[in-house]
Amino acid sequence: MSENKKMVEAITPINEDFAQWYTDICLKAELVDYSTVKGCTILRPYGYAIWENIMHLLDMRFKETGHENVAMPMLIPESLLQKEKDHVAGFAPEVAWVTMGGGEELEERMCVRPTSETLFCDHWSHVLHSYRELPMKYNQWCSVMRWEKTTRPFLRTREFWWQEGHTIHETAEEAIAETEQQLNLYADFCENQLNMPVLKGRKTEKEKFSGAEATYTIEAMMHDGKALQSGTSHYFGDGFSRAFDVKFTGRDNTLQYPHQTSWGMSTRLIGAIIMAHGDDEGLLLPPAVAPVQVVIIPVASHKPGVLEKAEELRKELSKFCRVKLDDSDNSPGWKFSQWEMKGVPLRLEIGPKDIANNQCVLVRRDTREKIFVPLTELAAAIPAQLDALGKNLYARAEENRAKRTFSAKNMEEVLQLAAAENGYIKAMWCGDAACEEMMKEKAGISSRCIPFEQEQLSDVCPCCGKKAKHMVVWGKAY
RNA sequence: CGGGGUGUAGCGCAGCUGGUAGCGCGCUGCGUUCGGGACGCAGAGGCCUGGAGUUCGAAUCUCCACACUCCGACCA
């Protein structure tokens, strides 16, 4: 092994410079490449394959809960964006405008969609007539554009890929139930398939979506203790319906406005996966979304029978998992490192000695534990190991979160904790925006959410001393 | 948007007291290897991010622009 090579290929250690480590993983695991288009990244095949798996798993869940996929235009006329005043105030500063078409100035400029509430509402105003047609539960897989000033792969790019669910309902209760159901769906997906514990709660007024009545969120904690909003679900009441004149004839033959929701998850989830599970060896993918769950590495592949056996195993394994045989000319050691970098959960080594013993070596990416498995037992051992690895990822992430979750009763404790280490700081809050602002200014932390699971840490707000209304989880966020 | 850093071969870098470019890895070919990033030999590959200026002459000095990156601010 040459020292130089190691130096060139190595990524920045995770505890030395987390930001640089993150960028290194994105590039060296071949997830993304920077584009000539400023602020935009290219999802490379391996990165897109992760997204495809996420899309597939979520889409199945959406269909199971009665949602239908649709496709809306990519452009939004300015007049449409203007209809809901809070919404336009929130988004107008960061939209891209199209002003020319076919070489001629447009009558009305159009923005590239930053989100599609306005398009869905406009559509519904045309097609909705009766309560019998409700609920309408739509979802769209697409990309959106927001003119961000600072960008980072997956976490914040000008164009990003996502799903946006949009629904309208006859009653507020039904819409609120939908909002909660989708938030729970997201949380379950994160916890059971991405192996990432999340904190469920409501956003404060300051942090909520432009035009929403209430915004719910799931927050995941990254390796460095910062929070990442991993999914949101909004309840709109009938505000948009009124603004866009979406009406239906109710059971009592009166004209009514439907109650609306929207909810979304994006390619940002891939950033969450990287920062929640990755380590000094590189990426570490949850088995549910790993494009390759098992990589087969033949050892001494020039010896007769080795490649043949490896190919035979690949065929066999492909019946129950996503498997890849690396029969390239690289040395086994190189392959080990390469596939660890790419986060493949399980490695299967097969060489002449194994073949003689009718066994192989399985190596787990998370523990690097090597186990000898008889070839006849692979069909049971692989799913079991993938499952155990997923559970371990969850346990490790949860341990990190527990270690970095603190409670503060007064401002001194808040300041001390915020200065010491990244993490969640639980503290009471009076509900005033001024105190939320003060937390940002004095302690450099923002409200992540008002958790559904409340605790009574004290009776007063640590900022102003007035009676506390909620417990808020504060922290630094991506 | 403010502050710092960086733009030279596919990648990472050196060259920066001015005289038209080197190293490591990677890549191509052949051979030997193969249980933690293998080795030998032979090759290919850039004219130095873009623009302006100084100069007989600029990768090198000056100015401007652009891009990426890190830290803040902003952020649906």
Side-chain angles (χ1 to χ4, degrees), chain A residues 1-12 17-24 26-28 30 33-41 81 84 86-95 111 113-118 144-153 155-158 160 162 164 203 206-212 215 217 229 232 234 262 264 266 268 281-282 297-303 306-307 310 326-341 347-357 359-363 368 370 372 440-441 444 446 476-478:
Chain A
M1 182 194 85
S2 117
E3 273 304 314
N4 277 331
K5 180 166 182 176
K6 184 108 186 173
M7 294 301 287
V8 169
E9 298 282 340
I11 55 171
T12 307
D17 183 346
F18 191 69
Q20 193 58 53
W21 169 87
Y22 176 80
T23 306
D24 285 354
C26 287
L27 296 174
K28 293 191 175 166
E30 300 177 329
D33 191 22
Y34 292 105
S35 163
T36 305
V37 185
K38 185 174 156 60
C40 295
T41 50
L81 192 71
E84 212 286 337
D86 289 340
H87 188 66
V88 68
F91 280 104
E94 57 174 14
V95 295
C111 75
R113 62 181 166 211
T115 179
S116 306
E117 275 76 6
T118 55
V144 290
M145 180 160 275
R146 300 174 188 184
W147 215 252
E148 302 288 353
K149 290 170 188 166
T150 313
T151 59
R152 301 188 68 188
L155 303 178
R156 181 166 283 106
T157 49
R158 287 187 175 170
F160 60 91
W162 76 347
E164 44 179 329
K203 284 290 190 187
K206 182 175 183 288
E207 302 278 332
K208 87 177 186 195
F209 184 84
S210 305
T215 289
T217 178
Q229 179 173 316
T232 51
H234 314 291
S262 80
S266 71
R268 178 183 260 199
E281 261 60 60
I297 298 181
V299 176
S301 57
H302 63 291
K303 298 249 172 86
V306 173
L307 267 182
D326 185 349
D327 57 1
S328 68
D329 288 336
N330 296 307
S331 70
W334 188 91
K335 292 176 187 176
F336 297 164
S337 302
Q338 180 65 13
W339 292 106
E340 278 171 4
M341 172 66 73
R347 173 171 88 229
L348 189 158
E349 300 172 21
I350 180 93
K353 289 180 231 164
D354 298 313
I355 294 170
N357 294 321
Q359 65 175 26
C360 68
V361 181
L362 275 188
V363 185
R368 284 191 159 186
K370 289 194 177 195
F372 292 89
K440 179 74 194 170
E441 276 171 28
S446 58
K476 294 195 178 91
Y478 278 99

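Just so it is clear, the values below take in all heavy atoms, side chains as well, and ignore hydrogens, waters and symmetry mates. A note on names: the letters A, B, ... follow the listed sequences, proteins ahead of strands, and every chain is numbered from 1. Keep in mind it's a predicted model, so treat the numbers as computed, not measured.
When heavy atoms are screened at a 4.0 angstrom cut-off, A:G351 is found touching base atoms of the nucleic acid. Using a 4.0 Å heavy-atom distance criterion, A:P114 is classed as making no nucleic acid contact. Within 4.0 Å of A:Q229, counting heavy atoms only, lies no atom of the nucleic acid at all. Nucleic acid contact class of A:G39 (heavy atoms, under 4.0 Å, all strands): sugar-phosphate only. Counting any heavy atom pair closer than 4.0 Å across all strands shown, A:T115 reaches no nucleic acid atom. Looking at heavy-atom distances under 4.0 Å, A:F209 makes contact with sugar-phosphate atoms alone, never a base. Across all strands, A:K208 comes closer than 4.0 Å only to sugar-phosphate atoms, never to a base (heavy-atom distances). Within the nucleic acid shown, A:H87 has no heavy atom closer than 4.0 Å to any nucleic acid atom. Across all strands shown, A:K38 has heavy atoms under 4.0 Å from sugar-phosphate atoms exclusively, and none from any base. Among the atoms of the strands shown, none is found under 4.0 Å from any heavy atom of A:N330.
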From CA spacing to verdict: side chain to side chain contact (heavy atoms under 4.5 Å, CB included), A:F209, A:T115: CA-CA 11 Å; A:F209 184 84; A:T115 179; 4.3 Å; yes
Chi angles and distances behind the side chain to side chain contact (heavy atoms under 4.5 Å, CB included) call for A:I297, A:W339: CA-CA 10 Å; A:I297 298 181; A:W339 292 106; 4.2 Å; yes
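A straight line from CD of A:E30 to P of B:rG10 spans 17 Å, rounded to a whole angstrom. In this entry the distance linking CD1 of A:I297 with C1' of B:rG37 reads 11 Å, nearest Å. Taking atom OH on A:Y478 and atom C1' on B:rC74, their separation rounds to 18 Å, with Å as the unit. Rounded to an integer number of Å, the gap from CG of A:D326 to P of B:rC34 is 18 Å. What separates CD of A:E94 from C1' of B:rA73 is a distance of 15 Å, to the nearest Å. Computed from coordinates, the A:K149 NZ to B:rA67 P distance equals 15 Å when rounded to whole Å. Straight-line distance from the NE2 atom of A:H302 to the P atom of B:rG35: 10 Å, rounded to whole Å. Rounded to an integer number of Å, the gap from A:I350 CD1 to B:rC34 P is 17 Å.
For A:R347 against B:rG36, a side-chain-to-base donor-acceptor contact under 3.5 Å is present. Contact annotation: side chain of A:Q338 to base of B:rG36, donor-acceptor pair absent below 3.5 Å.
Side chains of A:H234 and A:T215: a donor on one and an acceptor on the other come within 3.5 Å.
Between A:W162 and A:F160, the ring planes lie perpendicular to each other; the angle is over 60°, past the 30° to 60° tilted range.
Comparing B:rA58 with B:rG2, their P atoms are spaced 33 Å from each other, to the whole Å. Spacing of C1' atoms, B:rU28 relative to B:rC47, comes out at 22 Å, to the nearest Å. Nucleotides B:rC48 and B:rU8, compared at atom C1', are 4 Å apart to the nearest Å. Going from the C1' atom of B:rG15 to that of B:rC71 covers 30 Å, rounded to whole Å. Comparing the P positions of B:rC27 and B:rC70 gives a spacing of 28 Å, expressed to the nearest Å. Straight-line distance between the C1' atoms of B:rC61 and B:rG18: roughly 8 Å, to the nearest whole Å. For the P atom pair drawn from B:rG3 and B:rG22, the interatomic distance equals 39 Å after rounding to whole Å. Across B:rG26 and B:rC64, the matching P atoms stand 41 Å from one another, rounded to whole Å.
Closest to the side chain of A:S301, from the set B:rG36, B:rC75, B:rC34, is B:rC34. Looking at the side chain of A:K440, the nearest of the listed nucleotides B:rA73, B:rC75, B:rC34 is B:rA73.
For the residue pair A:R347 and A:E349, the shortest heavy atom distance occurs at NH2-OE2, 2.9 Å. Taking both residues in full, the closest heavy atoms of A:V37 and A:S35 are given as N-OG, 2.8 Å, listed atom of the first, atom of the second, then distance. Residues A:E84 and A:G211 share a closest heavy-atom pair of OE1-CA, 3.9 Å. Residue A:V95 comes nearest to A:P114 through the heavy atom pair CG1-CG, 3.5 Å, listed as atom of the first residue, atom of the second, then distance.
Pair check for B:rU20 finds none; no Watson-Crick or G-U wobble contact set falls under 3.5 Å. Nucleotide B:rC1 forms a Watson-Crick or G-U wobble pair with B:rG72, both donor-acceptor distances falling under 3.5 Å. Nucleotide B:rG43 is matched to B:rC27 when pairs are restricted to Watson-Crick or G-U wobble geometry with both distances under 3.5 angstrom. Across the strands present, B:rC63 finds its partner in B:rG51; the criterion is a Watson-Crick or G-U wobble pair with both atom distances under 3.5 angstrom. Under the Watson-Crick and G-U wobble criteria, each requiring two contacts below 3.5 Å, nucleotide B:rG57 is left unpaired.
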Show each protein N/O and nucleotides 69-71 of chain B N/O combination with a separation under 3.5 Å, one pair to a line.
unit_1: B:rU69; atom_1: OP1; unit_2: A:Y34; atom_2: OH; d: 2.3
unit_1: B:rC70; atom_1: OP1; unit_2: A:T23; atom_2: OG1; d: 2.8

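Residue A:C40 is the one, among A:E148 and A:C40, whose nearest nucleotide of RNA chain B lies closer to the 5' end (criterion: closest heavy atom).
Side-chain nitrogen and oxygen atoms of A:S331 include at least one within less than 4.0 Å of the OP1 or OP2 phosphate oxygen of B:rA38.
A:Q229 contributes atom CD, which lies 15.0 Å from atom OH of A:Y478 (distance to the nearest 0.5 angstrom). Distance check: A:T151 OG1 to A:R156 CZ gives 9.5 Å after rounding to the nearest 0.5 Å.
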